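Remember, it's a predicted structure, so these values are computed and weren't measured experimentally. Any value given below was found using the heavy atoms of this structure, including those in side chains, with hydrogens, waters and symmetry copies removed. Just so it is clear: chains get the letters A, B, ... in the order the sequence lines come, proteins before strands, and each one is counted from 1.
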Protein chains: 2
Amino acid sequence: MGIADKETRNVPTLASIAERVGVSVNTVSRALRAPNTVRVELRRRINAAMEELNYVPNRLAGGLSGTRSDIVGVVVTSLYYSEFASIVDTLQSGLLEQDLQVMLANTRYNPDQEVRLVRSILSWRPAAVAIIGVDHPPKVVELLKASGIPIIEMWDVGGEVIDTAVGMDHASIGAAQAAHLIAEGYARLAFVGSLRENDRRAQKRLRGAEAAVVAAGLPEIVRFTAQQNGSPDLGERLTHELLEQRPEVDAIVCNSDVVAFGALRALKRRGRRIPGEIGVIGFGDNEASSCVSPSLTTIRPDRERIGKLTAEAILARINDGAPKTTVVDWELIIRESTRRRDSQNQ
Amino acid sequence: MGIADKETRNVPTLASIAERVGVSVNTVSRALRAPNTVRVELRRRINAAMEELNYVPNRLAGGLSGTRSDIVGVVVTSLYYSEFASIVDTLQSGLLEQDLQVMLANTRYNPDQEVRLVRSILSWRPAAVAIIGVDHPPKVVELLKASGIPIIEMWDVGGEVIDTAVGMDHASIGAAQAAHLIAEGYARLAFVGSLRENDRRAQKRLRGAEAAVVAAGLPEIVRFTAQQNGSPDLGERLTHELLEQRPEVDAIVCNSDVVAFGALRALKRRGRRIPGEIGVIGFGDNEASSCVSPSLTTIRPDRERIGKLTAEAILARINDGAPKTTVVDWELIIRESTRRRDSQNQ
DNA sequence: TTGAAAGCGCTACCAC
DNA sequence: GTGGTAGCGCTTTCAA
């Protein structure tokens, strides 16, 4: 059977409601859009007819003819491991109040895909686009600028902003990670985890950390990285390689908490005492980071706040507010995996 | 400034391309949709004009006039803690190949919200809808059935299916959790975690576990649950309550791994030996579950497979394939938190 | 191979 | 308060 009967099925339209009630299409439309311009008893009958026929307005038509489309395009680089899921979640629920619908795209850190997906999103004539990052292929920037709609860049800030940005200063995060390790007495740092060519945020954090290390007069950061997705297995594998090739390393900056989980596993398997012999710091504050042992020192981004501020920025921009960039705070969460001085020092 | 210039900005249309090239709108449309019906040199000029003007087709118009809309509505109950994020991820990338766009909605386990969101999604005239669960408010079922489009219910199976389902048998999961604990010699089971009124999957698992316990002649399962989102903090709090009020309990079934993380923390704080004195089993196989200590025994749903099969089912149904229900396997992952017999027994 | 014309379902504008 | 009319930008016949 399939959906062959779709053609014969008559989805109710404004016209069918109008006919049934005996009014013009126009009146039915106003009953929805500006109810108080329609006589109350007529409105009642119209609503009854809609209810009865299970009428669902066709927003494609509405968007085509009206001035706004009520779609917000959301472009992320990943959905795995809670990295951006809760941003999308908060953003979504903020937009819901204004009946704005989220159209989702996931580039998986692939710039060609990003161009394709942005084009695809724009083809729905969204009211606004929210996108992860401030570094995009030139074509993406061109397309987004040409669209003339509000563009909110999330998660990162700095450099050229297309329109409005809500994000963190990732260089300062890297600097804080290194500074914390150095303050705890670690001196030979390594960076472990996924470091994709197109993950500019990770690169900025690494550079921030490198600057801090150089400023402290310590040897440069050793890198053990990969292009693939971060995961405990990746962290474990890279950490084993690290320990074999660079045994002098006494602290590991992981690009994400899930990578750090694997690093902890590798270190324990090799009998290295954490944080005594070697320290580990993560990034992201995974829900499990306070539950592993030793519990993981990490950076906690305020994802809810980014999602919420992005929703607010979208609404403000749609209502002709001015573009602006908001730098969102993050927090260094010190737990056991790096704390080797007395508790008085934390 | 805001976006006030949006009105004056001329977004290129098929007509503007046509005018520029000196052909009819029609020809430009065919150059996109059926390129080989257009003279090659004309096609070249048309493509050049599109490139130059940064033309992006208006799919609202296309969907309105054409037969399909290329939107797939995806309705989830949560985006937190990786519960469904990777399903959405896989699904999305499967649909991408067919240029189908995901429109996302998150009900947060609220049935009123579900009705509202399904209505909202349907108003975009999607080509199909994928939705978590097989238990929905009657209005949702009515709306989805009346829409005449393929409906794929994900994650759960059993009972009345609207059209097509791809999910797991949650009762058997609960039974397996209990059976494993019983086989390891535990006898006084508790269920801990979020147990929302509208999370039928959790309820089915609990009932499956209860049946197994009864069949084994053991006392009924003690419940310490809450309506809120599952989290380590919730697990910790409920476990403390549990241990105070029902000290005889020797095994805990947690409704999710993140809850189990909190349970482990509470147990360790109280000096209970795991798995010796008390066992803990989770659900969901969180990325950190192999990294906590003791590592967590849990159930691993095949989220990638569910996402992939859902994408395939959508494509099949759109192309007039028949509806069908697919039961997806899950796996019991035995780790340290429950393994108290010799390793030969695992 | 190309073009003209109708229409998808709705909103917006102007009469009444 | 209500209705007529003209599009929105595209696809889809049907003719040329």
Side-chain angles (χ1 to χ4, degrees), chain A residues 6-7 9-46 49-50 53-71 99 122-127 147-148, chain B residues 6-7 9-46 49-50 53-71 99 120 122-127 147:
Chain A
K6 191 190 173 185
E7 287 80 15
R9 183 188 295 279
N10 282 324
V11 179
T13 67
L14 269 196
S16 48
I17 306 289
E19 191 183 15
R20 189 168 237 268
V21 179
V23 292
S24 77
V25 178
N26 207 311
T27 306
V28 182
S29 173
R30 269 183 294 105
L32 275 166
R33 198 151 319 287
N36 42 353
T37 67
V38 174
R39 199 153 33 89
V40 69
E41 115 78 2
L42 199 54
R43 204 158 74 209
R44 215 190 37 67
R45 279 168 52 211
I46 291 173
M50 289 182 167
L53 296 178
N54 265 327
Y55 172 72
V56 176
N58 185 334
R59 296 224 256 171
L60 295 177
L64 221 208
S65 114
T67 43
R68 263 181 41 184
S69 88
D70 295 343
I71 291 177
D99 259 301
L122 288 177
S123 73
W124 295 103
R125 296 293 182 270
S147 72
Chain B
K6 189 193 172 182
E7 286 81 16
R9 181 190 297 279
N10 282 324
V11 179
T13 66
L14 269 196
S16 48
I17 306 289
E19 190 183 17
R20 189 168 237 267
V21 180
V23 292
S24 79
V25 179
N26 203 312
T27 307
V28 183
S29 173
R30 268 182 298 105
L32 276 165
R33 200 150 317 286
N36 42 353
T37 68
V38 175
R39 198 154 33 90
V40 69
E41 115 80 2
L42 197 55
R43 204 159 74 206
R44 215 191 36 68
R45 281 167 51 212
I46 291 174
M50 288 181 169
L53 296 179
N54 264 327
Y55 172 73
V56 176
N58 185 333
R59 295 226 257 168
L60 294 178
L64 181 57
S65 118
T67 43
R68 262 181 43 183
S69 88
D70 295 343
I71 292 176
D99 259 300
S120 181
L122 288 177
S123 74
W124 294 103
R125 295 293 182 269
S147 73

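Between A:Ile46 and A:Tyr55, the closest side-chain pair of non-hydrogen atoms is not below 4.5 Å. You'll find the side chain of B:Ile71 stays beyond 4.5 Å of the side chain of B:Arg59, heavy atoms only.
Note that CD of B:Glu19 is 8.5 Å distant from OG1 of B:Thr13, once rounded to the nearest 0.5 Å. Atom-to-atom distance recorded for B:Arg125:CZ and A:Asn58:CG is 4.5 Å, nearest 0.5 angstrom.
Taking 4.0 angstrom as the limit, A:Thr27 places a side-chain polar atom (N or O) nearer than this to OP1 or OP2 of D:dG3.
Between B:Thr27 and B:Ser24, the side chains place a donor N or O and an acceptor N or O closer than 3.5 Å (distance only, hydrogens not considered).
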Q | Per-nucleotide protein contact string for nucleotides 8-16 of chain D (B base, S sugar-phosphate only, - none; heavy atom under 4.0 Å) | A | BBBBBB---
